[in-house]
Amino acid sequence: MKKPMRIALAQINPTIGDFAGNTDRVARAAREAAARGADVVVFPELAISGYPPRDLVEQPSFLDRSEKELERLARETADLKIAVVCGYVARSHSETGKRALNSAAVLEDGKVVFRQSKMLLPTYDVFDEARYFRPAEREEVCLLRGRRVALTICEDAWNDRNFWRQRLYQRDPVEELFGAGAEIMICINASPFHMGKREVRRGIYRAVAKRYAKPVVYVNQVGGNDQLVFDGSSFAMNGAGEVIAAAKSFSEDLIVADVDEGTGDRNENLADECEAVYEALVMGTRDYIRKCGFSRVLIGLSGGIDSALTAAVAVEAVGKENVTGVGMPGPYSSAHSLTDAREMAARLEIRFEVVSIKGTYERFLQELAPLINGSGVGVTQENLQSRLRGVTLMALSNSSGALVLTTGNKSELAVGYCTLYGDMCGGLAVISDVPKTMVYALARIANRRLRSAIPEGVFTKAPSAELRPDQKDTDSLPEYGVLDRILEAYVEHMRTPKQIAESLSLPLALIQEIVNKVDRNEYKRQQAAPGLKVTSKAFGIGRRFPIAQRFSE
């Protein structure tokens, strides 16, 4: 009779390139897993280097460090009586192809006893792995604690013929490994979050488990790395596709599953997708700030819903003592804007400063008057106000060492309703992948978590940039409820204007106007601060369009 196999799923938050720190983190978790009686502990894809390392893998010294840290990890876990499965960047010794491999290693008794490299290298959405890695030519069954294990890496398990209507790859490593006699599948991952992704993953692995009637273990990275947020949400399933163990989302976690008994720890959380998005923004903001070496942030508090949500996320990410709000009233700012901003700062208990741009704005107009009389005066004056606010925030950033968080949402960024070198100034665009309608829903979540920090008047006032008298966003744009449906159809689902008009029962002329704005403003988006990806198609790393081009819908 086989001894029951207890597998620990170690969901960690690595920092890209922090080899020593990441290895220490892995070693600590391995010791905890051993203390909890696990036979095997599994870590995410590229856990030693962090994911995605991108062009760092082109540097020979990066590959050297990866190999050396793997050896150190083997030495430091030699006495634990536990097998360690860990992702790392390996050096390719092939005469052709890339110099690096996306690999998994099995460590036992101070030695590397098995290595497996990734075969299917994704090159869609945010992924560009074929640029960096040589694919494995074959995958072999790993003998692990007396069990025949299919050890796969992320995409290798995402090509099941029974799940996808159209597969991206001809080969199916999982099918090959189970065909070779594998009894269990262990898959290590660095799978970024977007809304709905957690359920998609479970669907994929449920299909695999049921098809082969074998247990499946899925371990995912957690944490923010630049624009990507990794939610963790690791799990184990039995051969019927039922979840027997589940880790938290958006938090480091270590759970243990007994794959023979069909039991394990259940720490799963955040069933609501909007709650998950909020947590993704908090984690992504926290990790971007921390991993870039900052501790404090600055936010232009306008009294509007976007800056209110950004401030709330920042407080949860780095603490109220590290957040400063700046009110910058201009010639057309309403009285309630500054009042709402000040009230919100008081409720959040953050520092609040006021720097008026009125005098500077008037002086600029005087100096520029001989040159800008005539056409374009209106938009010039509007953008000048926004840019003066950007200059103010960047000056305060330079003097304090705090990172500026921009406050623009996805709807505005999509259609160019933002100002280069103005409200787009900053180091991180926290909500740039959040449609305006979702901003309101997330702000309600913030109020539940932060004791109604956002005043009710911020929710009910009409959105306005306040750059001319009585300005409203709807002067230039349709209602956000309509705009966001158009943008989702065009940006995330690649629908044509005609298809969108028919499906939403909206005038084709309106759709074409919005689509043209999206296309024309690519130059702005490519100069924007990096933003956190929370939808299936975000501007930035996952959407790559040329600026100088003539194609139009």
Side-chain angles (χ1 to χ4, degrees), residues 4-14 22-23 25-51 70 73-74 76-77 80-88 102-108 112-118 139 141-157 174 177 182-191 201 205 208-209 214-223 230-238 243-248 252-260 263-265 267:
M5 191 177 207
R6 290 171 55 81
I7 301 177
L9 290 67
Q11 182 173 286
I12 65 168
N13 183 351
N22 295 340
T23 301
R25 192 180 293 267
V26 171
R28 285 195 302 271
R31 286 191 285 272
E32 180 183 347
R36 293 180 56 181
D39 304 295
V40 180
V41 58
V42 184
F43 292 89
E45 179 180 8
L46 299 192
I48 288 178
S49 66
Y51 184 95
L70 181 68
L73 177 63
E76 294 197 5
T77 57
L80 295 182
K81 308 301 181 186
I82 190 172
V84 177
V85 179
C86 189
Y88 76 109
N102 183 338
S103 299
V106 179
L107 314 176
E108 290 189 85
V112 179
V113 298
F114 182 85
R115 299 176 196 256
Q116 178 62 61
S117 296
K118 192 173 185 176
E139 297 201 5
V141 173
C142 170
L143 190 63
L144 184 59
R145 295 297 163 108
R147 301 299 183 86
R148 295 173 64 80
V149 173
L151 178 54
T152 59
I153 304 174
C154 207
E155 192 81 356
D156 287 347
V174 172
L177 288 166
E183 305 168 62
I184 301 168
M185 184 176 81
I186 293 176
C187 189
I188 65 173
N189 301 262
S191 177
R201 290 195 207 108
Y205 288 88
V208 170
K214 303 293 184 183
V216 169
V217 174
Y218 168 93
V219 180
N220 192 26
Q221 175 177 294
V222 72
F230 300 85
D231 55 291
S233 310
S234 305
F235 56 83
M237 290 179 172
N238 61 21
V243 175
I244 60 172
K248 295 177 182 177
E252 288 192 310
D253 202 3
L254 190 145
I255 60 173
V256 179
D258 188 321
V259 294
D260 295 299
T263 59
D265 303 319
N267 297 337

* Checking E108 side chain against A83 main chain: does a donor-acceptor pair fall under 3.5 Å? ->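 Such a contact is absent between E108 side chain and A83 backbone.
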
* Where the side chain of D253 meets the backbone of A247, is there a donor-acceptor pair that is under 3.5 Å apart? ->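 Absent.
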
* **Spacing of L177 atom CG and M185 atom CE [to the nearest 0.5 Å]** => 9.5 Å

* What is the distance from atom CD1 of I188 to atom CG of L9, rounded to the nearest 0.5 Å? ->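 So the CD1 of I188 and the CG of L9 are separated by 12.0 Å.
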
* Any Lys/Arg nitrogen of D260 or R147 sitting under 4.0 Å from an Asp/Glu carboxylate oxygen of the other? -> yes

Taking every non-hydrogen atom, the tightest pair across [X] and [Y]:
X	Y	answer
I82	A30	CD1-O, 4.3 Å
G37	R6	O-NE, 3.2 Å
C86	L73	SG-CD2, 4.1 Å
Q116	I153	O-CD1, 3.6 Å
A104	L151	CB-CD2, 4.0 Å
N220	Q11	O-CG, 3.4 Å

* Under the salt bridge (Lys or Arg N to Asp or Glu O under 4.0 Å) rule, collect the residues that match up with D258, sequence neighbours excluded. =>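 For D258 there are no salt bridge (Lys or Arg N to Asp or Glu O under 4.0 Å) partners, ignoring immediate neighbours.
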
* To do: Under the salt bridge (Lys or Arg N to Asp or Glu O under 4.0 Å) rule, collect the residues that match up with D265, sequence neighbours excluded.
  =>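 Testing D265 for salt bridge (Lys or Arg N to Asp or Glu O under 4.0 Å), a comparison that skips the adjacent residues, returns R36.
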
Do the side chains of [Y] and [X] get nearer than 4.5 Å, heavy atoms only?
X	Y	result
K248	V222	no
V84	F43	yes
V106	V149	no
P44	F230	no

With sequence neighbours excluded, what pairs up with [X] under the side chain to side chain contact (heavy atoms under 4.5 Å, CB included) test?
X	result
R115	E67, L70, Y88, V112
R28	D24, R25, R31
A8	A33, A38, V41, L254, V256
K214	F178, Y212

* Passing option when K118 is tested against E155, E139, E45 for side chain to side chain donor-acceptor pair (under 3.5 Å) ->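 So, applying the side chain to side chain donor-acceptor pair (under 3.5 Å) to K118 and each of E155, E139, E45, only E45 qualifies.
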
* Asked: With no hydrogens and no angle check, do the side chains of S233 and R201 hold a donor and an acceptor under 3.5 Å apart?
  -> no

* Partner of V85 by side-chain contact (heavy atoms from CB on, under 4.5 Å), out of L107, V40, V217 -> V40

* For V219, the option from I12, V42, I7 that meets side-chain contact (heavy atoms from CB on, under 4.5 Å) ->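 With V219 as partner, side-chain contact (heavy atoms from CB on, under 4.5 Å) holds for just one option, V42.
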
* Asked: Do the rings of F235 and Y205 sit parallel, tilted or perpendicular, given the 30° and 60° boundaries?
  ->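 F235 vs Y205 ring planes: perpendicular.
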
